[in-house]
Amino acid sequence: MLRENAPQTLGDKIMVEIDEAYVGGKEGNKHFPKRRSNEDKNLTNEGKPYKGKKAILGIIERNVKVALKYVVGETTKNMVEFLKTHVPQDSAMYSDEAAAYKQSKKT
């Protein structure tokens with residue numbers, strides 16, 4: 001649904017809230033074979049490719065629209081690009097103190 005019907009821009013004269021969530025579980029809670037190998041950080045202890053937590057970035061207009069994105073590489077640059085695409089420059093943004101949000105407010 002969000003792929004086809006996601007709003008292109010949010011926050012036009014409405015405040016938006018922005019936050020990210022990480023999916024994947026704590027390393028210490030995983031079974032030993034599924035944990036990241038100490039010998040090769042690209043593999044698990046059972047020799048399969050290691051997959052770390054995934055970042056999901058969300059923007060919501062209060063009581064109106066929502067946009068979600070899986071952020072590849074979860075870099076500040078990728079997060080800022082998503083915010084610039086979906087939130088007008090002069091919108092009131094409410095978020096935590098993550099670097100991506102601070103940077104997007106300056107640019």
Side-chain angles (χ1 to χ4, degrees):
M1 190 283 295
L2 287 173
R3 212 177 270 167
E4 296 171 7
N5 299 322
Q8 293 303 310
T9 304
L10 290 94
D12 189 26
K13 299 179 183 171
I14 298 174
M15 69 179 121
V16 294
E17 295 180 41
I18 303 163
D19 205 359
E20 75 284 345
Y22 294 89
V23 179
K26 287 185 174 184
E27 201 64 22
N29 292 340
K30 294 179 183 178
H31 293 280
F32 180 78
K34 306 284 183 193
R35 292 182 189 174
R36 185 179 225 167
S37 170
N38 289 328
E39 296 169 13
D40 184 345
K41 298 294 182 186
N42 295 317
L43 299 175
T44 63
N45 287 321
E46 62 186 353
K48 295 181 179 178
Y50 176 76
K51 297 177 184 173
K53 290 185 179 186
K54 305 295 183 213
I56 308 294
L57 182 60
I59 305 170
I60 187 168
E61 290 180 348
R62 289 190 177 169
N63 303 318
V64 188
K65 301 174 191 170
V66 65
L68 300 170
K69 178 180 174 74
Y70 162 62
V71 183
V72 179
E74 64 187 89
T75 64
T76 297
K77 179 184 174 198
N78 291 342
M79 295 170 90
V80 169
E81 287 176 12
F82 177 68
L83 295 174
K84 285 183 178 181
T85 300
H86 293 286
V87 181
Q89 182 76 21
D90 57 348
S91 294
M93 292 190 331
Y94 296 89
S95 65
D96 56 24
E97 296 297 318
Y101 309 140
K102 290 179 183 179
Q103 186 174 337
S104 67
K105 291 176 185 178
K106 294 177 185 176
T107 57

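Both backbone and side-chain heavy atoms feed into the values below; hydrogens, waters and symmetry mates do not.
Among all heavy-atom pairs drawn from S37 and E39, the shortest one is OG-N, 3.1 Å.
Here the CG-OH distance, from L43 to Y50, works out to 12.0 Å after rounding to the nearest 0.5 Å. For the atom pair CG (D19) and CG (D96), the distance works out to 5.0 Å, reported to the nearest 0.5 Å. With rounding to the nearest 0.5 Å, the separation of OG1 in T44 from CZ in R36 is 11.0 Å. To the nearest 0.5 Å, atom CG of residue N45 and atom CG of residue N38 are 7.0 Å apart. Taken to the nearest 0.5 Å, the CZ atom of R35 stands 8.0 Å off from the CG atom of N29.
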(message) Under the criterion side-chain contact (heavy atoms from CB on, under 4.5 Å), I'd like the reasoning laid out for V87 against M93: C-alpha separation, chi angles, the key distance, then a yes or no.
(response) CA-CA 9 Å; V87 181; M93 292 190 331; 3.8 Å; yes

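By the 6.0 Å contact criterion, NZ on K30 is enclosed, its count of non-hydrogen atoms from other residues, nucleotides or ligands being greater than 12. For NZ of K26, the number of neighbouring non-hydrogen atoms (other residues, nucleotides, ligands) closer than 6.0 Å is 12 at most.
Using a cutoff of 4.0 Å between basic side-chain nitrogens and carboxylate oxygens, E46 and K34 are scored as salt-bridged.
When each of K54, K48, K53 is checked for a side chain to side chain contact (heavy atoms under 4.5 Å, CB included) with K51, only K54 meets the rule.
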